[in-house]
Engineer: 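Shown below is the structure under consideration.
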Amino acid sequence: MSLNHSPETQTKLIARVPSITGRELPEWFQAIDNGPSFLRCDERAAWLASEHGLSHGYAAAIVLEHERRRRF
């Protein structure tokens, strides 16, 4: 399960998250923070997809964005 998107694809997916999922990014980030303590990003994306009914692409984009923002 790959979490690698092109920068353009990542930007487009993140921009569409609220309209596609009905939830804003901070809500998704909180779900990740409150979810299971997976060490790997692909595990977090798989959990997010299965637990919240997201497609893998959106789940992966949310996890990647969460990781990027945590680093700053």
Side-chain angles (χ1 to χ4, degrees):
M1 188 179 321
S2 175
L3 294 184
N4 296 322
H5 300 290
S6 70
E8 296 82 18
T9 300
Q10 177 70 12
T11 300
K12 289 176 183 178
L13 286 170
I14 289 301
R16 289 186 293 221
V17 163
S19 63
I20 295 295
T21 68
R23 295 171 75 179
E24 298 292 330
L25 283 175
E27 294 176 74
W28 287 115
F29 297 161
Q30 185 176 18
I32 292 169
D33 290 339
N34 293 334
S37 300
F38 295 118
L39 296 177
R40 296 178 19 197
C41 289
D42 61 339
E43 292 173 323
R44 277 184 254 142
W47 171 80
L48 199 60
S50 66
E51 184 73 18
H52 296 281
L54 298 174
S55 71
H56 172 70
Y58 281 104
I62 292 167
V63 168
L64 285 174
E65 192 66 20
H66 181 256
E67 286 297 308
R68 287 183 181 149
R69 292 186 186 193
R70 281 181 22 167
R71 290 183 190 144
F72 295 107

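If you read the sequence from its start, that first residue is 1, and numbering goes on from there. Keep in mind the model is a prediction, meaning the values are calculated, not measured.
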Engineer: Could you report the tightest heavy-atom contact between A59 and A45, atom names first, then the distance?
Structural biologist: CB-O, 3.4 Å
Engineer: What orientation do W47 and H52 show, parallel under 30°, tilted 30 to 60°, or perpendicular over 60°?
Structural biologist: perpendicular
Engineer: Ignoring hydrogens and geometry, is there a side-chain-to-backbone donor-acceptor pair from T21 to V17 under 3.5 Å?
Structural biologist: yes
Engineer: Determine whether more than 12 heavy atoms belonging to other residues, nucleotides or ligands lie under 6.0 Å from atom CD of E67.
Structural biologist: yes
Engineer: Might you work through the side chain to side chain contact (heavy atoms under 4.5 Å, CB included) test for Y58 and R16, ending with a clear yes or no?
Structural biologist: CA-CA 9 Å; Y58 281 104; R16 289 186 293 221; 3.3 Å; yes
Engineer: Hey, what do you get for OG (S55) to CG (L13), rounding to the nearest 0.5 Å?
Structural biologist: 7.5 Å
Engineer: Examine distances only and state if a side-chain atom of E27 and a backbone atom of E24 form a donor-acceptor pair shorter than 3.5 Å.
Structural biologist: yes
Engineer: Check H5 against A61 and note the closest heavy-atom contact, atom names and distance.
Structural biologist: NE2-N, 3.9 Å
Engineer: Given side chain to side chain contact (heavy atoms under 4.5 Å, CB included), test L54 with W28 step by step and report yes or no.
Structural biologist: CA-CA 11 Å; L54 298 174; W28 287 115; 3.9 Å; yes
Engineer: Quick check: does any side chain N or O of R44 sit under 3.5 Å from a backbone N or O of L39, one acting as donor and the other as acceptor?
Structural biologist: yes
Engineer: Do E43 side-chain atoms and R40 backbone N/O form a donor-acceptor pair below 3.5 Å?
Structural biologist: yes
Engineer: Pick out which of R69, H66, Q30 makes a side chain to side chain contact (heavy atoms under 4.5 Å, CB included) with L25.
Structural biologist: R69
Engineer: Check this for me: does any side-chain nitrogen of one of E8 and K12 sit under 4.0 Å from a carboxylate oxygen of the other?
Structural biologist: no
Engineer: Looking at every heavy atom in both S6 and T9, which two are closest together, and how far apart are they?
Structural biologist: OG-OG1, 2.9 Å
Engineer: Nearest 0.5 Å, what's the CD1-CD1 distance between I14 and I62?
Structural biologist: 6.0 Å
